[in-house]
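One structure is given below, encoded as structure tokens.
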Amino acid sequence: MRPDTPAENVDHTAEAARLERTAGLYPEDAEALLLQSAAHLELAGDRPAATTLYDHLLSSSDSLENPHLIRALKAANLWEYGHEAEARAIIDGIRAAAPRDPAPWVIVAESLESHDELEAAQKTFTEGVTLLLADVPEPPPHSSHPLLFGRHRVRRMLGAAHDDWDVLADTLHSSPVPLDELHDPKRVWSLGSDNPAELQAEISRLRAELGTYREELSRPFPVAVLHWPTGELAELVGAYPTLSDEYPSHEEHLATIEASLRELSASGTPNLGIVTGTVPSYEAFAASEASSPADTDLLPQYATTLAARGRAVSWPPERGAECWCGSGNSYAACHGAATV
């Protein structure tokens, strides 16, 4: 779909089919592409087909990057076309699994909220916030903001008094219209008001919300650093020995990644990430650039290309998450334990 194509003019069924075909051509990106395809199927009203696609991903023999996210999307989709019991069971399973990624928590909590399960939604938002943000130094990572804002919204609808998490949400909110005003349950009545002042105030609130959504949509892909797993780096340097100057050892490669990201973070660079390379993918990229894989100038270009294709994993990892290096240890006990 072209970036300048108006949403109302999109053939969602055709776009879903195109994305499925593209996933077949780029298996390393299949998970992200098929999730986009499922979203278009939902927008097309073909929710059973979207569920089939989610099931296909979950039954795949390939390891998934975001299995909890896929289950959350499946649950939200199922509930929308009458499969409430199955959706609730999946949501309970996600909460019990306690994923370390904010996105599944937001999706299942908003699904509960959209079906007027406000108490359950508040509890789910709170579980996610407590799990992911307790003892995390402020400011919390940007990916956790929807958790805090969603929790604030639901608690406002329930008439709950502000607590410390709500205060943090207020602090992080950058719109000129305060969260308390945006999340005011009485806003719906102003839409039917005959009072011009009330209507103008609501227009201002809607503009503020639209500005926030546009800011999120315009966030650039991460500034990403290229990571080679042990086997891939050995294969790369074996095939292109001149790259040994760039990569003297795998241990030094990993240390350089962490040091580079910390330096970028200290300089104020936001939205940092890590992309993982493979030799076949890199060789294909070099061929597309009519260049040799031995050319070190290609390495940052390759990293940027992977990030633009949605392959970046945000850095630093969420609290309790595994280290980006693939050791299987938690980040805090691995590269996160290093001093700056």
Side-chain angles (χ1 to χ4, degrees), residues 3 18-37 57 60-66 219-265 267 269-317 321-329 331 334-336 338:
R18 185 191 68 79
L19 287 164
E20 286 195 58
R21 291 193 299 272
T22 306
L25 297 174
Y26 302 98
E28 69 274 18
D29 294 334
E31 183 176 338
L33 290 167
L34 291 178
L35 283 179
Q36 292 180 49
S37 177
L57 278 167
S60 171
S61 58
D62 299 329
S63 58
L64 296 170
E65 293 182 8
N66 299 297
R219 279 175 61 81
F221 54 80
V223 175
V225 176
L226 181 59
H227 163 235
W228 297 99
T230 307
E232 295 292 338
L233 185 60
E235 182 180 346
L236 179 73
V237 174
Y240 309 101
T242 57
L243 290 180
S244 60
D245 293 337
E246 184 78 16
Y247 303 115
S249 71
H250 192 253
E251 291 73 18
E252 188 169 338
H253 169 52
L254 298 182
T256 299
I257 291 173
E258 182 69 23
S260 298
L261 288 165
R262 287 173 180 250
E263 184 177 344
L264 287 167
S265 178
S267 69
T269 305
N271 203 17
L272 298 172
I274 296 172
V275 290
T276 299
T278 66
V279 174
S281 170
Y282 179 57
E283 289 176 332
F285 173 74
S288 70
E289 295 292 314
S291 185
S292 166
D295 183 358
T296 56
D297 290 340
L298 277 182
L299 295 168
Q301 297 176 41
Y302 175 54
T304 300
T305 299
L306 291 178
R309 287 162 57 188
R311 302 300 297 168
V313 176
S314 63
W315 180 93
E322 289 187 4
C323 188
W324 53 263
C325 71
S327 66
N329 300 320
Y331 175 66
C334 195
H335 283 87

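Heavy atoms only: backbone and side chains are in, while hydrogens, waters and symmetry mates are out.
Using a 4.5 Å heavy-atom threshold, the side chains of His335 and Arg262 count as separate. By the 4.5 Å heavy-atom criterion applied to side chains, His253 and Leu233 are counted as neighbours. Annotation: side chain of Leu34 is not in contact with side chain of Leu19 (no heavy-atom distance under 4.5 Å). In this structure, the side chains of Asp29 and Arg311 come closer than 4.5 Å at one or more pairs of heavy atoms. Side-chain contact between Trp324 and Ile257: present, with at least one pair of heavy atoms (C-beta onward) separated by less than 4.5 Å. Side-chain contact between Leu299 and Tyr247: present, with at least one pair of heavy atoms (C-beta onward) separated by less than 4.5 Å.
Put simply, OG on Ser249 and CG on Leu254 are 8.5 Å apart, with the number rounded to the nearest 0.5 Å. Expressed to the nearest 0.5 Å, how far CD of Glu31 lies from CG of Leu64 amounts to 5.0 Å. In this structure, Thr276 OG1 and Glu65 CD are separated by 8.5 Å, a value rounded to the nearest 0.5 Å. Distance check: Asp295 CG to Gln301 CD gives 7.5 Å after rounding to the nearest 0.5 Å. Between atom CD of residue Glu258 and atom SG of residue Cys334 there is a gap of 8.5 Å, rounded to the nearest 0.5 Å. Interatomic distance, NE2 of His227 versus CD of Glu232, reported as 10.0 Å (0.5 Å rounding).
Residues Gly273 and Leu261 come closest through the heavy atom pair O-CD2, 3.8 Å. Contact between Ala224 and Ala303 at its shortest, heavy atoms only, is O-CB, 4.0 Å. Taking all atoms of both residues into account, the shortest heavy-atom contact from Gly277 to Pro229 is O-CD, 3.7 Å. The heavy-atom pair separating Ser281 from Leu306 by the smallest distance is OG-CD2, 4.3 Å.
With sequence neighbours left out, the side-chain hydrogen bond (donor to acceptor under 3.5 Å, both in side chains) criterion links Asn329 to no other residue. For Tyr282, the ring pair (Phe, Tyr, Trp, His ring centres under 6.0 Å) partners at least two apart in sequence or on another chain are Trp228, Tyr302. Applying the side-chain hydrogen bond (donor to acceptor under 3.5 Å, both in side chains) criterion to Glu283, with sequence neighbours excluded, gives Tyr240.
Ser244 places a side-chain N or O within donor-acceptor distance of the main-chain N or O of Pro241, the cut-off being under 3.5 Å. Thr304 places a side-chain N or O within donor-acceptor distance of the main-chain N or O of Pro300, the cut-off being under 3.5 Å. Of the possible polar contacts, one joining the Ser260 side chain to the Thr256 backbone as a donor-acceptor pair under 3.5 Å is found.
Enclosure of atom CD in Glu263 is not indicated, since only 12 or fewer non-hydrogen atoms of other residues, nucleotides or ligands lie within 6.0 angstrom.
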Inset, instruction - Show your working on side chain to side chain contact (heavy atoms under 4.5 Å, CB included) between Leu243 and Thr296 and close with a plain yes or no. - result: CA-CA 7 Å; Leu243 290 180; Thr296 56; 3.7 Å; yes

